[in-house]
Amino acid sequence: MNLKSAELLRIYRTMLLIRRFEEKTVQFFQAGQIRGSLHPCIGQEATAVGACFALRPDDTMTCTYRGHGQAIAKGLDPKEAMAELLGRRTGCSKGKGGSMHFTDPRVGLLGENAIVGAGIPIAVGAALSAQLDHDNRVSLTFFGDGAVNQGVFHEALNLAAIWSLPVIFFCENNLYSEMTPISAMVKVQWLADRAAAYGMRAVTVADAYDPLAVYEATLDAVTRARKGEGPTFIEAMTYRLIGHMIGDSEPYRTKEEVAQWRARDSIVAFPLRLTAEFGIPEARVREVEAEVAAEMDEIVRFAQESPWPDPAEAIEDVYA
Ligand SMILES: Cc1ncc(C[n+]2csc(CCOP(=O)(O)OP(=O)(O)O)c2C)c(N)n1
Ligand SMILES: [Mg+2]
């Protein structure tokens with residue numbers, strides 16, 4: 001691992017910002033200020049940040065309805081993300097997309113997607129365009145363990161393998177698909193085995209609460225893809241620390257199981273590691289935390305002070 005202190009702190013800063021951002025979205029949702037449904041990524045910050053840290057700004061990415069953190073890690077302005085959630089005109093989708101439809105082509109964010117598995121073929125298409133353009137870009141798609149039984153998952157993986165496309169299939173295996181445990185959906189132990197069956201490289205990150213392990217696995221996949229060595233499937237073992245969505249009373253898992261993962265929370269563990277393992281002074285870590293708090297105030301102020309869209313704008317940017 002040859003990351004410099006500044007890079008390690010940037011990883012922590014982004015993870016912490018995402019955690020604080022998501023906590024704020026929960027508050028706004030409970031106060032009735034965010035409409036629709038909300039699927040926070042609390043607990044899964046290390047996958048979002050570790051993976052996106054290995055990407056260039058011009059690389060493309062797709063993700064799911066649990067994608068606020070991934071979008072921010074890819075470079076989406078968190079002010080525009082919060083404004084989008086509050087339905088404001090300054091939001092990344094002009095306030096018309098909401099929580100599950102963050103999109104920003106300026107940072108390679110080709111979109112969140114509410115349909116399970118639907119971002120996967122879009123990412124394969126982006127990888128094909130990168131291959132045809134010879135521009136060395138890669139494409140990464142985040143999806144959950146629940147997506148691996150969708151037909152399009154298999155079609156997309158096969159196509160990417162036979163055409164050696166520069167795509168990274170990033171599966172966040174958080175052990176549940178909504179309220180269904182993975183053991184009730186899949187007979188194999190490792191989802192990576194499915195991808196290997198299509199003839200691509202497939203790896204499992206056993207501890208995807210460690211952003212550096214995620215980064216290393218992704219960087220390796222990205223390096224291979226840029227060299228023309230084709231796709232990689234990454235299965236990242238992670239866990240969401242709160243319900244599937246706000247309103248989920250979590251009857252399908254035990255408090256003990258959640259507590260075990262909470263004890264390993266990367267937002268707590270990683271800053272301790274920065275000091276103990278990498279020798280970064282604690283004062284620097286505290287500075288980063290203060291910066292994040294100040295940035296969050298600014299994000300909330302920007303979103304709340306932003307104008308509402310005019311009803312006449314409702315059908316602008318709609319393709320039919
Ligand atoms: C095609 C399709 N089927 C069903 C749903 C309903 N649904 C929404 S989220 C979800 C669970 C997906 O779980 P997973 O892929 O593991 O992602 P996670 O929520 O755990 O991040 C389901 C079944 C949907 N959105 N799209
Ligand atoms: Mg899941």
Side-chain angles (χ1 to χ4, degrees), residues 15 18-19 21-22 25-26 29 36-52 61-74 97-102 111-124 140-157 168-195 204-209 214 233-254 257-258 260-262 266:
M15 287 189 351
I18 292 169
R19 172 67 59 91
F21 183 96
E22 291 292 63
T25 68
V26 174
F29 189 87
S37 55
L38 190 78
H39 308 80
C41 68
I42 290 176
Q44 301 186 191
E45 295 85 356
T47 42
V49 178
C52 288
M61 187 270 267
T62 69
C63 54
T64 73
Y65 46 83
R66 202 180 300 291
H68 301 167
Q70 294 153 351
I72 291 170
K74 185 66 180 74
S99 169
M100 299 195 265
H101 303 105
F102 285 2
E112 293 181 294
N113 208 307
I115 309 298
V116 170
I120 302 174
I122 296 171
V124 171
L140 183 144
T141 177
F142 286 104
F143 52 90
D145 46 287
V148 304
N149 288 323
Q150 289 291 96
V152 72
F153 168 84
H154 299 272
E155 297 173 44
L157 261 70
I168 293 107
F169 298 101
F170 195 102
C171 179
E172 286 183 305
N173 185 350
N174 63 7
L175 310 179
Y176 293 90
S177 169
E178 283 187 317
M179 288 87 207
T180 310
I182 180 90
S183 57
M185 297 186 301
V186 180
K187 195 77 177 167
V188 292
Q189 190 187 356
W190 301 110
L191 300 179
D193 290 346
R194 291 227 173 148
T204 299
V205 179
D207 178 9
Y209 262 28
V214 174
F233 178 97
I234 298 174
E235 175 180 19
M237 303 309 296
T238 184
Y239 197 79
R240 55 172 160 71
L241 291 176
I242 64 170
H244 169 71
M245 59 184 186
I246 305 302
D248 174 4
S249 58
E250 303 175 57
Y252 51 87
R253 60 183 192 179
T254 63
E257 181 182 288
V258 180
Q260 272 172 19
W261 283 88
R262 198 170 278 284
S266 48

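Start at 1 and go down the list; that is how both ligands and their atoms are numbered. Below, each value reflects all heavy atoms present in this structure, side chains not excepted, and no hydrogens, waters or symmetry copies. Every value quoted in this text rests on a predicted model; they were computed, and no experiment measured them.
Closest protein heavy atom to atom 17 (O) of ligand 1: Y65 OH, 3.0 Å. The protein non-hydrogen atom at the shortest distance from atom 16 (O) of ligand 1 is G146 N, 2.8 Å. If you check which protein heavy atom lies closest to atom 13 (O) of ligand 1, you get S177 OG, 3.2 Å.
Close contacts of ligand 1 with Q150, meaning ligand atoms under 4.0 Å from a residue heavy atom, involve 1 (C). Close approach of ligand 1 to R66 is summarised as follows: ligand atoms under 4.0 Å from at least one heavy atom of the residue are 18 (P), 19 (O), 21 (O). Interface of N174 with ligand 1, defined as ligand atoms under 4.0 Å from a residue heavy atom, comprises 18 (P), 20 (O), 21 (O). Of all atoms in ligand 1, listed by their number and element, those nearer than 4.0 Å to a heavy atom of A147 are 15 (O).
For an aromatic pair to be called close, the ring centres must be under 6.0 Å apart, and Y252 with Y176 satisfies this. The six-membered or imidazole ring of F143 lies near that of F153, with a centre-to-centre distance under 6.0 Å.
Residue contacts with ligand 1, taken as heavy atom pairs separated by less than 4.0 Å, involve E178 via backbone and side-chain atoms alike. Under 4.0 angstrom from ligand 1, the non-hydrogen atoms of Y176 all belong to its backbone. Contact annotation: for H244 versus ligand 1, heavy atoms closer than 4.0 Å belong to the side chain alone. Of the heavy atoms in A114, only backbone atoms (N, CA, C, O) come closer than 4.0 Å to ligand 1. Contacts of R240 with ligand 1, taken as heavy-atom pairs under 4.0 Å, are absent altogether. Here D145 has heavy atoms under 4.0 Å from ligand 1 in both its backbone and its side chain.
Considering all non-hydrogen atoms of both residues, R66 and G243 come closest at NH1-O, 4.3 Å.
The backbone N or O of L241 lies less than 3.5 Å from a partner atom in the side chain of R262, making a donor-acceptor pair. No donor-acceptor distance shorter than 3.5 angstrom exists from the side chain of S177 to the backbone of T180, with no hydrogens or angles considered. The closest donor-acceptor contact from the side chain of H154 to the backbone of V148 lies under 3.5 Å.
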**Message:** Before you tell me yes or no, could you show the steps for Q260 and Y239 under side-chain hydrogen bond (donor to acceptor under 3.5 Å, both in side chains), namely the whole-Å CA-CA distance, both residues' side-chain angles and the distance that decides it to 0.1 Å?
**Reply:** CA-CA 10 Å; Q260 272 172 19; Y239 197 79; over 6 Å; no
**Message:** Assess the residue pair E172 and T47 against the criterion (side-chain hydrogen bond (donor to acceptor under 3.5 Å, both in side chains)); give the C-alpha distance rounded to whole Å, side-chain angles, the decisive distance to 0.1 Å, and a yes or no.
**Reply:** CA-CA 7 Å; E172 286 183 305; T47 42; 2.5 Å; yes
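The Mg ion (ligand 2) has no N, O or S atom of S177 inside 2.8 Å of it. Counting backbone and side-chain atoms alike, Y176 contributes an N/O/S atom closer than 2.8 Å to the Mg ion (ligand 2). Residue contact annotation: D145 places an N/O/S atom under 2.8 Å from the Mg ion (ligand 2).
Not a single heavy atom of F143 sits less than 4.0 Å from an atom of ligand 1. Contact annotation: Q44 has no heavy atom less than 4.0 Å from any atom of ligand 1. Contact between I115 and ligand 1 is present, with at least one heavy atom of the residue lying under 4.0 Å from the ligand.
Residues Y209 and Q44 bring no donor and acceptor atom of their side chains to less than 3.5 Å of each other. Looking at S99 and H39, their side chains never bring a donor and an acceptor atom within 3.5 Å of each other.
Once rounded to the nearest 0.5 Å, the distance linking CD1 of I18 with CD1 of I42 reads 11.5 Å. Here the OG1-CG distance, from T204 to L191, works out to 8.0 Å after rounding to the nearest 0.5 Å.
Closest heavy-atom approach to atom 4 (C) of ligand 1 within the set N149, N113, T64, V116: this belongs to V116.
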